[in-house]
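Here is the structure we will look at, set down as structure tokens.
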There are 2 protein chains.
Amino acid sequence: MEEREISQAVIRRLPRYYRYLGELLENGVERISSNDLSKRMKVTASQIRQDLNNFGGFGQQGYGYNVKYLYTEIGKILGLEQHHNIIIIGAGNLGQALANYADFEKRGFILKGIFDVNPTLADVSIRGVPVRMMDELEQFVRENDIEIGVLTIPKTKAVEVANNLVNNGVRAIWNFAHIDLNLPENVIVENVHLSESLMRLSYNISRYHEEHKESK
Amino acid sequence: MEEREISQAVIRRLPRYYRYLGELLENGVERISSNDLSKRMKVTASQIRQDLNNFGGFGQQGYGYNVKYLYTEIGKILGLEQHHNIIIIGAGNLGQALANYADFEKRGFILKGIFDVNPTLADVSIRGVPVRMMDELEQFVRENDIEIGVLTIPKTKAVEVANNLVNNGVRAIWNFAHIDLNLPENVIVENVHLSESLMRLSYNISRYHEEHKESK
DNA sequence: TAGATTGTTAATCGATTAACAATC
DNA sequence: TAGATTGTTAATCGATTAACAATC
């Protein structure tokens with residue numbers, strides 16, 4: 001009955017397994033061993049087996065893993081079979097990019113609304129979902145059972161809006177604003193800090209130059 | 001002379017330190033101890049000191065760290081003072097969002113070109129940078145000393161385009177396509193897999209529901 | 001000087017890898 | 001059955017935290 005906590009390191013790898021299994025499935029591959037998969041994914045076979053065994057024994061000795069079965073099971077673990085109502089706050093390029101993002105539906109996220117402060121967007125619809133003005137936000141969240149908010153707004157507004165969403169029932173935030181939200185710990189936050197990703201890229205380029213300058 | 005390798009865990013945290021120090025700087029804070037910073041960032045003071053000491057002793061006993069100095073030094077470590085020519089391939093919403101991204105310039109990345117297959121975009125300019133057609137790509141990369149390519153194109157095209165870029169001199173890829181590129185190991189790749197981020201969010205929501213269903 | 005806080009070593013913790021018995 | 005490959009335990013490796021002497 002006592003569930004042991006799955007480490008974040010494992011969870012971070014899970015979607016990648018799912019992606020590879022999806023590709024194998026598309027290519028008509030029926031079964032795969034941890035060893036084969038390890039070569040494709042460039043991780044150790046040991047890690048694959050350890051990771052999967054956190055959730056159950058999905059394989060069979062002497063055979064390996066059935067691709068379709070494992071794909072489905074990981075999908076369940078990731079919760080992709082459940083449906084969640086989602087809204088996007090911030091209808092700029094990034095917000096629109098996400099609104100047009102086909103994966104939303106595939107992953108069980110149902111886009112219910114898009115919000116912005118800019119009145120010139122008031123007549124715009126994206127994939128049939130109209131852009132609404134921010135003053136409708138709170139009521140909309142309450143009345144439409146919104147579980148997830150996507151923040152594609154400047155960091156100066158993000159904290160306030162996030163608190164607002166949570167106060168009206170939102171349980172999870174996909175945060176693209178360059179700031180930490182510091183929400184109550186029962187609220188789930190997944191950060192996408194693009195500026196930090198860019199800086200890691202920058203660091204790695206610099207380090208590469210550094211390492212190779214003596215050989216010049 | 002022998003540089004010990006800095007762990008990826010440290011590098012992943014570095015931009016976040018930089019962000020917090022930037023905020024402190026904006027707020028006119030002159031100095032900060034690892035202990036104060038640890039409370040704000042919700043990491044241990046020990047970790048902050050360990051991380052920073054990978055790169056040098058930036059603090060002073062009994063005083064702490066000078067915010068401005070530390071900010072500048074981390075900026076140097078991250079390579080933000082260097083300039084790199086960058087192009088975006090894929091002028092959809094996401095590509096346009098990134099092209100409009102003010103941080104590029106601030107981080108030393110100079111947007112030189114945007115490319116797309118869609119001829120209706122041929123007359124469009126974003127922040128003064130015109131969208132070019134893909135058949136100009138190779139020549140453009142060679143002639144304009146392009147160091148970094150941003151891939152905001154579908155995964156079906158990403159591998160081919162990435163190889164193309166690398167063959168024409170590009171040294172680093174910021175990859176938003178949902179696929180692993182498998183480039184030569186001297187090419188730096190920073191992946192932003194939004195679908196994986198979304199699945200982690202989905203997982204955490206499911207797990208939360210799981211944990212709380214008995215208390216219903 | 002006394003107090004504060006770093007830089008750094010040592011201890012602990014957790015994650016990864018290796019190994020192999022179980023078993024299909 | 002023999003060969004293959006898992007599930008899982010044990011060994012190793014690396015990262016985090018604790019502790020404290022050095023020193024501003």
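Only this structure's heavy atoms are used, side chains among them; waters, hydrogens and symmetry mates stay out. Just so you know, these numbers come straight off a predicted model, no measurement behind them.
- Using a 4.5 Å cut-off on side-chain heavy atoms (C-beta onward), B/Leu165 and B/Ile173 make contact.
- Crowding of B/Arg142 atom CZ: a count of heavy atoms from other residues, nucleotides or ligands under 6.0 Å exceeding 12.
- For the pair B/Gln60 and A/Gln60, nearest-nucleotide mapping onto DNA chain C gives the more 5' position to B/Gln60.
- Taking a pair as Watson-Crick or G-U wobble with both distances under 3.5 Å, the runs of three or more consecutive pairs in DNA chain C are C:3-24 with D:3-24.
- Within 6.0 Å of CZ on A/Arg127 lie more than 12 heavy atoms contributed by other residues, nucleotides or ligands.
- Projected onto DNA chain C by closest heavy-atom contact, A/Arg13 and B/Gln61 fall at different nucleotides, the more 5' of which corresponds to B/Gln61.
- The local environment of CD in B/Glu105 is crowded, with over 12 non-hydrogen atoms from other residues, nucleotides or ligands closer than 6.0 Å.
- Contacts between residues 27-52 of chain B and DNA chain D, defined by a heavy-atom separation below 4.0 Å, involve B/Thr44, B/Ser46, B/Gln47, B/Arg49, B/Gln50, listed by number.
- Looking at B/Glu147 and B/Lys112, no side-chain N of the basic residue comes within less than 4.0 Å of a carboxylate O on the acidic one, giving no salt bridge.
- Taking the six-membered ring for Trp and the full ring otherwise, the centers of A/His178 and B/Tyr18 sit at least 6.0 Å from each other.
- Between A/Phe58 and A/Tyr69, the ring-plane angle classifies as perpendicular under the 30° and 60° cut-offs.
- From the 5' end on, the contacts that DNA chain C makes with chain B at under 4.0 Å to a non-hydrogen atom open and close at C/dA4 to C/dA10.
- Using a 4.0 Å cut-off between a side-chain N of Lys or Arg and a carboxylate O of Asp or Glu, A/Arg16 and B/Asp180 qualify as a salt bridge.
- Proximity of a side-chain donor or acceptor of A/Asn54 to a complementary backbone N or O of A/Val10 within less than 3.5 Å is not detected.
- The nearest pair of heavy atoms linking B/Asp103 to A/Ser195 is OD2-CB, 3.2 Å.
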